[in-house]
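Structure record follows, encoded as structure tokens.
Chain letters run A, B, ... following the sequence lines, proteins first and then strands; every chain starts at 1. All values below come from the heavy atoms of this structure, side chains included, with hydrogens, waters and symmetry mates left out.
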There are 2 protein chains.
Amino acid sequence: MTDSNPPAAPRRTTRADQRRQTESRILAAARELFADLGYDRTTIRAVAARAGVDAGLVMHYFHSKDELFAQAAKLADDDLPVAGSSPAEVADGLLASLARRLDAEPVASLAVLRSILTHAEAAEGFRAAGRQRVDQISVAIPASDAELRAGLISAIISGVVAERYLLRTSLLAQASPEEIIDLLRPCFQALVGPLSPTES
Amino acid sequence: MTDSNPPAAPRRTTRADQRRQTESRILAAARELFADLGYDRTTIRAVAARAGVDAGLVMHYFHSKDELFAQAAKLADDDLPVAGSSPAEVADGLLASLARRLDAEPVASLAVLRSILTHAEAAEGFRAAGRQRVDQISVAIPASDAELRAGLISAIISGVVAERYLLRTSLLAQASPEEIIDLLRPCFQALVGPLSPTES
DNA sequence: TGGCTCGGTCAACGGTCGTAGAATCAACCC
DNA sequence: GGGTTGATTCTACGACCGTTGACCGAGCCA
């Protein structure tokens, strides 16, 4: 009965560990709810309930709903590899990046995507990421209207991702990433390449 | 001084007229606010204030916020003329319809577009319109994956319109409809036409 | 072992929202 | 001209939200 190793295995969940664990549980719950409901309809009480804690604790760790959203929706920059080369390569890089997102879009970016249209902060974060993407793309496009073309590509990507994950109206939600990419390839090539008007 | 036509010109604003006028002022205010802020952030009090009336009156005419939104966001069906002919004609019809929307998108449809991601009813209305559009398009596409192609076209249209009117991040907001349409033409033709894989 | 720290809970405040119903007042009909 | 209707306002209720501060109890250090 009397086990003889008091502090050997039971080294469990120190206080700092507990804190980190709870914090990440709150963040996960927040991400899911923000992604499902958007900023406004997600309440701190609901986040706390899903994480199994009290609402006051959420306020204690993150200091406001805005800060909670900022933490939950923080996303790693999509390092799309547009190492400027031939337009065809640029298009392929963009398509590969899109394919990755179509395969498994991170919940955090779905949270900002869901909140873009109604929450100013989410819109600003999206704009920053979008501007960066547009800049990266447009320097790789040899055309005078490169920036407009890049903006169109960005809009297409957002539209497709939003439709697939958020609206889920059409078959876009069930199709495989490869099918979608294959259909989109000529689009991206036309937008990237300067071969659109006449090939002269 | 004494004008001599008591009931001639002063035939002004009968009660029914007044009502119609006030009602449409409320609807206009609601449309603007729903389009700017989305469903959740738009309050009945704000709509009433913008229309210059009391909030109770808004409730008296429209009986709930949901019904007000439904009335304000009711939009005429976009009669896109996809009189099924050659794929090129189909693409041109879609582009012409998009050009019209890029020229002047009605505020009502911006209201539902803004609220799509956070309001279930708006999403349902959008889905209905989208499904109809997808059906109309897909019957005109001679391909086995016609429905997926139509879904992609629909997603692209939504993405471009949302970026132009709601996000306004890129140059898409300032470009002329013709520029955009010209750049999108090869995209739509590739998606509509069965000439994508190999022309054999 | 005792005191301190800190993860966590509880109850409440102030504000805003959708909504309901009584009250007001001018236009309308007989 | 008096009664009625209906447009419009006023007041208030109840619910919910973000946020706060007091409080509790278990781990931690000396």
Side-chain angles (χ1 to χ4, degrees), chain A residues 6-30 33-34 36-73 115 118-122, chain B residues 6-7 9-27 29-30 33-34 36-73 115 118-122:
Chain A
R11 236 301 149 267
R12 263 300 153 73
T13 58
T14 143
R15 200 146 62 168
D17 280 351
Q18 184 74 15
R19 156 110 192 211
R20 251 186 307 269
Q21 208 168 325
T22 306
E23 218 165 331
S24 79
R25 236 171 47 234
I26 294 175
L27 276 179
L33 286 176
F34 281 133
D36 279 353
L37 309 174
Y39 183 87
D40 287 314
R41 290 177 122 87
T42 298
T43 75
I44 289 192
R45 283 173 169 85
V47 170
R50 176 171 293 214
V53 296
D54 185 87
L57 191 63
V58 178
M59 287 299 298
H60 192 233
Y61 288 166
F62 317 87
H63 308 295
S64 70
K65 187 181 178 183
D66 269 321
E67 198 168 326
L68 173 65
F69 179 81
Q71 291 283 336
S115 307
T118 44
H119 187 51
E121 196 171 320
Chain B
R11 236 301 147 264
R12 265 299 152 76
T13 60
T14 142
R15 200 145 63 166
D17 280 350
Q18 185 75 15
R19 155 112 194 208
R20 249 186 308 268
Q21 208 169 323
T22 305
E23 219 166 328
S24 78
R25 235 171 47 233
I26 294 176
L27 276 179
L33 285 177
F34 280 133
D36 279 354
L37 309 174
Y39 182 86
D40 287 315
R41 290 177 123 87
T42 298
T43 74
I44 289 191
R45 285 172 169 87
V47 170
R50 175 171 293 213
V53 296
D54 185 89
L57 190 63
V58 177
M59 286 298 299
H60 191 238
Y61 288 165
F62 317 86
H63 309 295
S64 70
K65 187 181 176 182
D66 268 320
E67 198 167 324
L68 173 64
F69 180 82
Q71 291 283 335
S115 308
T118 45
H119 188 51
E121 197 172 317

*Does any N or O in the side chain of B:Thr42 come within less than 3.5 Å of the main-chain N or O of B:Leu37, such that one atom is a donor and the other an acceptor?*
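The answer is no, because no donor-acceptor pair under 3.5 Å joins these two groups.
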_Donor-acceptor pair, distance only, cut-off 3.5 Å: does the side chain of B:Thr118 make one with the backbone of A:Gly38?_
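Looks like no, no N/O pair under 3.5 Å.
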Going by side-chain contact (heavy atoms from CB on, under 4.5 Å), name the residues that satisfy it together with [X], two or more places apart in sequence or in a different chain.
X: B:Leu27; result: B:Arg31, B:Phe62, B:Leu68, B:Gln71, B:Ala72
X: A:Ser115; result: A:Tyr39, A:Phe69, A:His119, A:Ala122
X: B:Ser24; result: none

*Looking at residues at least two apart in the chain, or sitting in another chain, which of them share a side-chain hydrogen bond (donor to acceptor under 3.5 Å, both in side chains) with A:Arg20?*
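Applying side-chain hydrogen bond (donor to acceptor under 3.5 Å, both in side chains) to A:Arg20 gives A:Asp17.
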Could you give the side-chain donor-acceptor pairs of residues 45-59 of chain B under 3.5 Å, partners two or more places apart or in another chain?
| residue | atom | partner | partner atom | Å |
| --- | --- | --- | --- | --- |
| B:Arg50 | NH1 | B:Glu32 | OE1 | 2.4 |
| B:Asp54 | OD2 | B:Gly56 | N | 2.7 |

*Between OG1 on residue A:Thr14 and CD on residue A:Gln21, distance to nearest 0.5 Å*: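 That separation rounds to 11.0 Å.
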*Give B:Phe62 one of three labels, base, sugar-phosphate or nothing, depending on what nucleic acid heavy atoms sit under 4.0 Å from its own.*
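Nothing: the residue B:Phe62, judged by heavy atoms under 4.0 Å, touches no strand.
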Calculate the interatomic distance between [X] atom [atom1] and [N] atom [atom2]; express it in whole Å.
X: B:Asp17; N: C:dC28; atom1: CG; atom2: P; value: 9 Å
X: B:Arg19; N: D:dT5; atom1: CZ; atom2: P; value: 16 Å
X: A:Glu23; N: C:dG8; atom1: CD; atom2: C1'; value: 13 Å
X: A:Phe69; N: D:dG18; atom1: CZ; atom2: C1'; value: 16 Å
X: B:Tyr61; N: C:dA20; atom1: OH; atom2: C1'; value: 17 Å

_On DNA chain D, compare the nucleotides closest to A:Ala16 and B:Leu57; which residue's is nearer the 5' end?_
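By nearest-heavy-atom nucleotide position, the 5'-most residue is B:Leu57.
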*asked:* Measuring to OP1 and OP2 of D:dT8, would you say a side-chain N or O of B:Gln18 lies under 4.0 angstrom away?
replied: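 Affirmative; the distance criterion is met.
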*Residue pairs involving residues 56-72 of chain A (criterion salt bridge (Lys or Arg N to Asp or Glu O under 4.0 Å); sequence neighbours excluded)*: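 Residue pairs passing salt bridge (Lys or Arg N to Asp or Glu O under 4.0 Å), neighbours aside: none found.
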*Note the angle between the end axes of the helix from C:dT1-D:dA30 to C:dC30-D:dG1, five pairs defining each, rounded to 10 degrees.*
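Answer rounded to 10°: the end axes differ by 0°.
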_Residues forming a salt bridge (Lys or Arg N to Asp or Glu O under 4.0 Å) with A:Arg19, sequence neighbours excluded_ =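 For A:Arg19, the residues satisfying salt bridge (Lys or Arg N to Asp or Glu O under 4.0 Å) (neighbours in sequence not counted) are A:Glu23.
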Are any protein N/O atoms closer than 3.5 Å to N/O atoms in nucleotides 19-23 of chain D? If there are, list each pair with its distance.
| residue | atom | partner | partner atom | Å |
| --- | --- | --- | --- | --- |
| D:dT19 | OP2 | A:Lys65 | N | 2.8 |

_Close approaches to DNA chain D from residues 36-43 of chain A, in residue order (heavy atom, under 4.0 Å)_ =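 Contacts with DNA chain D under 4.0 Å: A:Thr42, A:Thr43.
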